[in-house]
Amino acid sequence: MESAQATGINAPGRAGEPLIRLEGIHKWFGNLHVIKGVDLTLQQRDVVVVIGPSGGGKSTLLRCVSLLEEPTLGRVWFEDRDITDIRADLNEVRTHIGMVFQAYNLFPHMTALRNVTLALERVLKLSSDEAHDRAMDQLARVGMGHKAAAFPGQLSGGQQQRVAIARALAMRPKVMLFDEVTSALDPELVGEVLEVMIRLAGEGMTMMVVTHEMGFAREVGTRMLFLDDGRVGEEGEPKDMFRNPKSDRLRQFLDKVL
Amino acid sequence: MAITESPTIRSDVAPDVRGPTAPLPAVILTLGIASLVIIAAGIVFSQVNYALSDRVLTRNCIEEEISPEDNGAIGVCNIVEALQDPATSGALYLGIGLGAAALVLGAGTYRRMDSKRRRDDAITGAVLGSQGILLAAFVLWFRSASPGLFAKHFLNFADLEGYWGSFVRAATKTLTLAFAGELGGIVIGLVLGVLALSSRRVVRAPARIYINFFRGTPLIWQLITGYFMLLFGFGIRLSTFVVAILIFALNTGAYAAEVFRAGIQSIERGQMEAARSMGMSYLQAMRYAIVPQAVRRVIPPLMNEFVILIKDTALVSVLGLTLADSDIFSLAREGQSATFNSTFFTVAAIAYLAVTLPLIGLVNAAERRLRSGLVGIAGAGG
């Protein structure tokens with residue numbers, strides 16, 4: 001078996017190939033203008049980290065990528081498809097875009113294993129044996145193999161989040177979106193989740209990560225976006241941006257969080 | 001009013017808010033219990049005593065318009081006589097005395113009890129005492145009015161001979177009506193509930209119209225009109241029993257729809273998002289992620305609807321069911337109009353309670369279970 005199959009990740013494409021492109025994204029919630037014209041390109045193997053003050057539109061932007069939130073204006077391209085086109089098969093597109101949420105959002109009435117196999121069987125139409133094997137592999141990868149039979153309510157926050165990551169990975173997505181996945185965790189549980197994400201980045205997964213973990217942003221991010229008041233305030237190499245922020249807003253923000 | 005106390009707290013001298021410790025909490029509790037027990041025991045003892053003894057129709061009873069020709073006259077007379085018996089009177093007045101003592105002592109001293117347990121004892125005693133007084137007063141009032149007339153109409157079971165089997169059959173008919181209606185209603189309700197949640201107005205509107213119509217018109221109107229509408233409007237001739245089930249299902253469907261809608265709306269938004277983010281369609285997400293969770297949450301309110309429907313089936317009596325199809329209430333009405341004895345209604349109430357009380361217990365248990373978080377546990381907070 002080829003190694004990409006074994007690890008459950010799609011064979012990483014050549015670095016530099018555009019995977020996702022956001023063009024002039026605007027989002028209004030009623031009268032509230034949350035995203036005010038954002039352009040962004042995610043290349044293969046990019047780990048794009050999005051930081052910024054709360055209310056700045058980070059999560060909304062991330063959710064626009066998988067169209068959980070529909071941009072009011074602008075286009076989202078996945079590979080060479082315009083997925084904001086009304087005719088796009090979003091269900092199919094979303095199988096390639098893994099998403100992990102702040103609140104884990106595991107299905108509470110299903111075991112950890114069933115959480116992972118559900119979409120494999122119902123969406124990817126795998127046989128239950130295939131789905132089971134793939135799910136067990138993924139659970140083992142995030143160190144949750146021994147808890148496959150547990151219900152979410154019996155797991156700690158960190159364990160639930162790792163199952164949620166396994167659930168998304170089992171679909172073998174081309175890109176993973178992380179929406180403040182450690183924000184709801186007790187401090188001592190943050191590490192186990194970050195560890196999984198760091199390993200994932202190391203394996204070449206394309207990732208977009210909204211986070212408050214500045215250490216993670218600096219060490220793992222290949223690119224960083226400072227989103228402030230719905231606009232990209234600054235963009236560049238994470239280490240660069242941490243060392244010498246160009247704008248006052250970023251400097252102020254970093255002073256507060258570091 | 002100006003507050004003039006000094007702001008310093010005098011911690012050296014604890015203010016005695018209780019006053020001297022009150023005595024006798026156990027005595028107060030005993031008085032309260034004794035009051036109720038003596039009243040109840042006195043009444044029951046006399047009734048049993050008269051029911052077992054072989055008595056004749058007294059003059060007193062004849063004055064109460066109980067005639068020797070009446071079926072079950074002796075039994076009715078015994079009830080009246082037992083109520084007037086000195087043993088009953090003694091128990092009533094003694095009960096009132098003990099109850100008053102418990103009430104006065106308890107109310108006067110509970111604040112000064114020196115532990116929570118003793119205070120609870122005093123309060124319980126006082127409350128039981130007041131309940132004893134109320135019960136005794138009620139019985140005294142009742143027996144001073146026309147207990148003979150009442151007993152003759154509501155407590156004369158002699159006319160029910162030959163009907164007991166019918167009541168059992170009628171109870172199964174009532175349950176059949178309610179159960180079939182509820183089942184149909186759940187199916188209709190689930191579909192309507194999902195439709196009512198649609199983001200498209202054209203889908204939502206018909207569901208809303210249906211729900212509002214059936215919630216907004218009386219069930220009795222739906223039963224009567226439904227029968228004739230089917231017959232005259234569509235040429236469908238069904239037995240009244242089947243029509244009744246149909247209307248109950250349609251009506252319950254409207255209420256169940258609201259229950260399902262609320263249940264589905266109560267599931268965290270993230271559940272739908274998680275399902276959709278894995279490529280599931282809206283209907284798949286509903287089917288595998290949302291509805292299974294919602295169903296757990298709607299079990300208690302649906303069971304509640306079922307209890308309501310059991311009682312509402314009594315309305316079929318307006319349709320005139322055949323004798324073989326009679327539900328509990330129809331049967332009671334028949335028996336009552338044949339004998340002019342309303343004891344049939346007394347038995348009907350007992351029959352309804354025999355069915356509904358266990359169900360009410362189940363509903364409460366299900367609600368407790370749901371509240372305790374044993375089912376439908378959400379993975380994490382928002």
Side-chain angles (χ1 to χ4, degrees), chain A residues 59 62-63 65-69 89-110 112 114-125 151-161 163-164 167-171 173 176-177 179 181 183-186, chain B residues 190 193-194 197-203 259-260 262-302 366-382:
Chain A
S59 287
L62 189 79
R63 292 156 61 85
V65 174
S66 64
L67 260 76
L68 277 183
E69 219 67 78
D89 181 356
L90 280 182
N91 293 340
E92 196 273 332
V93 170
R94 285 184 181 132
T95 61
H96 305 297
I97 304 177
M99 177 124 189
V100 186
F101 302 86
Q102 180 178 352
Y104 334 133
N105 295 348
L106 291 180
F107 305 130
H109 57 301
M110 296 176 186
R114 186 72 190 129
N115 262 280
V116 183
T117 56
L118 179 68
L120 299 180
E121 289 176 22
R122 302 298 170 191
V123 179
L124 298 188
K125 308 288 182 200
F151 284 89
Q154 301 165 321
L155 300 175
S156 75
Q159 291 175 324
Q160 290 190 55
Q161 196 59 293
V163 173
R167 180 171 73 171
L169 283 177
M171 303 290 290
M176 287 283 288
L177 310 178
D179 187 5
V181 295
S183 300
L185 297 176
D186 289 338
Chain B
L190 183 54
V194 171
L197 280 168
S198 170
S199 56
R200 286 177 203 290
R201 189 173 301 194
V202 287
V203 177
V259 169
F260 278 115
I264 289 170
Q265 276 177 331
S266 76
I267 305 297
E268 297 70 22
R269 227 176 68 140
Q271 295 287 308
M272 173 61 84
E273 291 179 347
R276 296 307 301 276
S277 77
M278 288 186 288
M280 283 191 223
S281 69
Y282 176 81
L283 284 180
Q284 280 181 321
M286 274 288 178
R287 178 166 161 207
Y288 299 115
I290 309 297
V291 170
Q293 294 183 61
V295 162
R296 289 167 170 78
R297 293 191 194 179
V298 300
I299 285 172
L302 283 182
E367 270 175 354
R368 268 197 307 277
R369 209 168 116 82
L370 204 62
R371 254 203 309 277
S372 73
L374 288 174
V375 282
I377 347 150

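Just so you know, these numbers come straight off a predicted model, no measurement behind them. The sequence lines fix the lettering, A, B, ..., with proteins before strands; numbering per chain opens at 1.
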If you look at every heavy atom in Arg167(A) and Ala274(B), which pair is closest and at what distance?
NH2-CB, 3.4 Å
Heavy-atom closest pair, residues Pro108(A) and Gln271(B)
CD-OE1, 3.3 Å
From CZ (Arg63(A)) to CD (Glu273(B)), nearest 0.5 Å:
4.0 Å
To the nearest 0.5 angstrom, please state how far the CG atom of Asn105(A) sits from the CZ atom of Arg269(B).
10.0 Å
Ile97(A), part contacting chain B, at a heavy-atom distance under 4.5 Å:
backbone
To the nearest 0.5 angstrom, please state how far the CZ atom of Arg276(B) sits from the CG atom of Leu90(A).
8.0 Å
Of all the heavy-atom pairs spanning Arg122(A) and Gln284(B), show the shortest one and how long it is.
O-NE2, 3.1 Å
Calculate, to the nearest 0.5 Å, the distance between atoms OG and CG belonging to Ser277(B) and Asn91(A) respectively.
11.0 Å
Residue pair Met280(B) / Phe107(A): nearest heavy atoms and the distance that separates them
CE-CE1, 4.4 Å
Rounded to the nearest 0.5 Å, how far apart are CG of Leu124(A) and CE of Met278(B)?
10.0 Å
